[in-house]
There are 2 protein chains.
Amino acid sequence: MSAAREESRVPGREPLTAPVEDYLKAIYAIGRGSGAAATNEIAQRLALAPASVSGMVRRLADQGLLAYERYHGVKLTESGRRAALRTLRRHRVIEAYLAEALGYPWDRVHEEAERLEHAASDELVDRMAATIGEPEVDPHGAPIPTKDGSVDETEYTSLADLAVGASGVVVRVADEDPEMLRYLGELSILPGKRITVRSRAPYDGPITLGSGRQEISIGPALASHVLVAPLADRAGKRG
Amino acid sequence: MSAAREESRVPGREPLTAPVEDYLKAIYAIGRGSGAAATNEIAQRLALAPASVSGMVRRLADQGLLAYERYHGVKLTESGRRAALRTLRRHRVIEAYLAEALGYPWDRVHEEAERLEHAASDELVDRMAATIGEPEVDPHGAPIPTKDGSVDETEYTSLADLAVGASGVVVRVADEDPEMLRYLGELSILPGKRITVRSRAPYDGPITLGSGRQEISIGPALASHVLVAPLADRAGKRG
DNA sequence: GAAATAAGTTAGTATGCCCTAACTTTTACC
DNA sequence: GGTAAAAGTTAGGGCATACTAACTTATTTC
Ligand SMILES: [Mn+2]
Ligand SMILES: [Mn+2]
Ligand SMILES: [Mn+2]
Ligand SMILES: [Mn+2]
């Protein structure tokens, strides 16, 4: 009868499980900028059956991490967003630390971080960040959320969308596919690299790029995974 | 009907879960030197109900990790022992790395390692070990198993068992209780320290130690958690 | 060696997270 | 705006891991 005897249901006090953290990250990534995330999209990202997502999403909504409207997708609550960003910070600090302090190649940090992000304490993550000089981006150029939960949400243009003749600086590449990362490395399409779109063949044809003094040609599927900060240069943006 | 269609039951190929790894470590620790581990003792170490241990132990035996005789405890099989030592290596390398490379205080490495040991890949652990110069012991003096699964199993004397007048070098202290570790640190009872037993009061009374040029007095409960390598010195071992 | 105690097991239940199959709701299209 | 396709949910399981309560086996004690 006394309230003190009841299950103490302070939401957000108990540590989240690894699956829960991965759901929140996925939902954050899909709905970045407050959009809603669809069940099927979550399922695809996490390689789960849609039915599994329906179940989990309901539990997360009960815990106050999501706003869920049946048949209409989910959105992170403020509490869910904070949790997502905490995991994202862990993930990216760990990636940066592995690359910087332990010589991990950039194509293998993601997989390792995907597990460690659920096991590392805040203190460890903070020590890692301090040791490598508080980096602002991970090895793939993704911004690292701060401890207080803010993050740069600038939306960049993909190389696939950059106009012919335009130039940009590579700011970020997709981090999940090791083979793709190795290939980008070979082409030295790396964060910081300046690139100009020379031509684009029709019907999803190859995109020819000027990078340094070489000319390289990539498909649009690859180009779409490279984000650039456009530069206003001689060629302008007409295309 | 074809054997190839059957569930492929190659034992020891699928990665072990965190609980399983912790069971194996506990069983190894209890039965070090091939003794058997009792259900209640496993339960106590892992802070679980004995009934839970009965259940888990059966599954582990089915997987070939344990030899289990109902009502008579368990022993690690060769495969179980290998798995236990792999986890132990991870745990101890991680502890050493946290202390050495990230400035973690020795009283907090254990808890962090207890989680990371299940998430770190072999490659990460090997890189950590290489980075800090392939240490042979963790920060509490426990020997680090090698990659091929061998480990120094020397049994040391506890300070509680050292004869009055005898001296020894501290080789290892219990690693689980942070408060105890902080206290030992204050007393500078650390691995490498040379200590002489000056006197021992009866009825579990205090043990007086000479350490450096100071004299300190500790209870037998604490002394039992400090392992020493006895020195044959002037005082000898009579006591 | 029988009774008392300690140790260990089984039965039954819970929770988290996943699955497939069958159903319902939404949406897209003519 | 009715129907087909797509998207999403529910129903019904499975497995791993834990718990408590009740029972069984082993050990200790007199
Ligand atoms: Mn990543
Ligand atoms: Mn993850
Ligand atoms: Mn430890
Ligand atoms: Mn552990």
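Residue numbers start from 1 in every chain, and the chains themselves are labelled A, B, ... in the order their sequence lines are given, proteins ahead of strands.
- At least one side-chain nitrogen or oxygen of A:Ser52 sits closer than 4.0 Å to the OP1 or OP2 atom of C:dC19.
- Look at OH on A:Tyr71: it is 17 Å from P on D:dA6, rounded to the nearest Å.
- Between B:Leu46 atom CG and D:dA16 atom C1' the separation is 16 Å, expressed in whole Å.
- Atom-to-atom, CD1 of A:Ile42 to C1' of D:dT9 comes out at 14 Å; the value is rounded to the nearest Å.
- Between the CG atom of B:Asp22 and the C1' atom of D:dA16 there is a distance of 15 Å, rounded to whole Å.
- Distance CD (B:Glu21) to C1' (D:dT17): 15 Å, rounded to an integer number of Å.
- A:Glu114 pairs with exactly one of A:Arg90, A:Lys25, A:Arg92 by the salt bridge (charged side-chain N to carboxylate O under 4.0 Å, His left out) rule, that one being A:Lys25.
- A heavy-atom distance below 4.5 Å is found between the side chains of B:Tyr23 and B:Val53.
- Residue A:Tyr23 places none of its side-chain N or O atoms closer than 4.0 Å to OP1 or OP2 of C:dG16.
- The phosphate of D:dC15 (OP1 or OP2) has no side-chain N or O of B:Arg59 nearer than 4.0 angstrom.
- Between C:dC17, C:dG8, D:dT9, one nucleotide has an atom nearer to the side chain of A:Pro19 than all others, and that is C:dC17.
- Between A:His140 and A:His110, a ring centre-to-centre spacing not shorter than 6.0 Å is recorded.
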Quiz prompt | Trace of the salt bridge (charged side-chain N to carboxylate O under 4.0 Å, His left out) decision for A:Glu123 with A:Arg127 | solution = CA-CA 6 Å; A:Glu123 171 166 8; A:Arg127 279 179 191 264; 2.9 Å; yes
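- Taking 4.0 angstrom as the limit, B:His72 places a side-chain polar atom (N or O) nearer than this to OP1 or OP2 of D:dA26.
- Counting to the nearest Å, the C1' atom of D:dC15 and the CE atom of B:Met56 are 12 Å from each other.
- Neither OP1 nor OP2 of C:dT10 sits under 4.0 Å from any side-chain N or O of B:Ser54.
- Between A:Glu69 atom CD and C:dT26 atom P the separation is 10 Å, expressed in whole Å.
- OP1 and OP2 of C:dT26 both lie 4.0 Å or more from every side-chain N or O belonging to A:Arg70.
- The phosphate of D:dG8 (OP1 or OP2) has no side-chain N or O of A:Tyr68 nearer than 4.0 angstrom.
- In this structure, B:Leu60 atom CG and D:dC15 atom C1' are separated by 14 Å, rounded to whole Å.
- Comparing D:dT10, D:dA18, D:dT9 by their nearest atom to the side chain of B:Leu48 picks out D:dA18.
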Self-check item: Verdict with reasoning, B:Asp148 to B:Ser150, per side chain to side chain contact (heavy atoms under 4.5 Å, CB included)
Solution: CA-CA 6 Å; B:Asp148 60 6; B:Ser150 67; 3.6 Å; yes
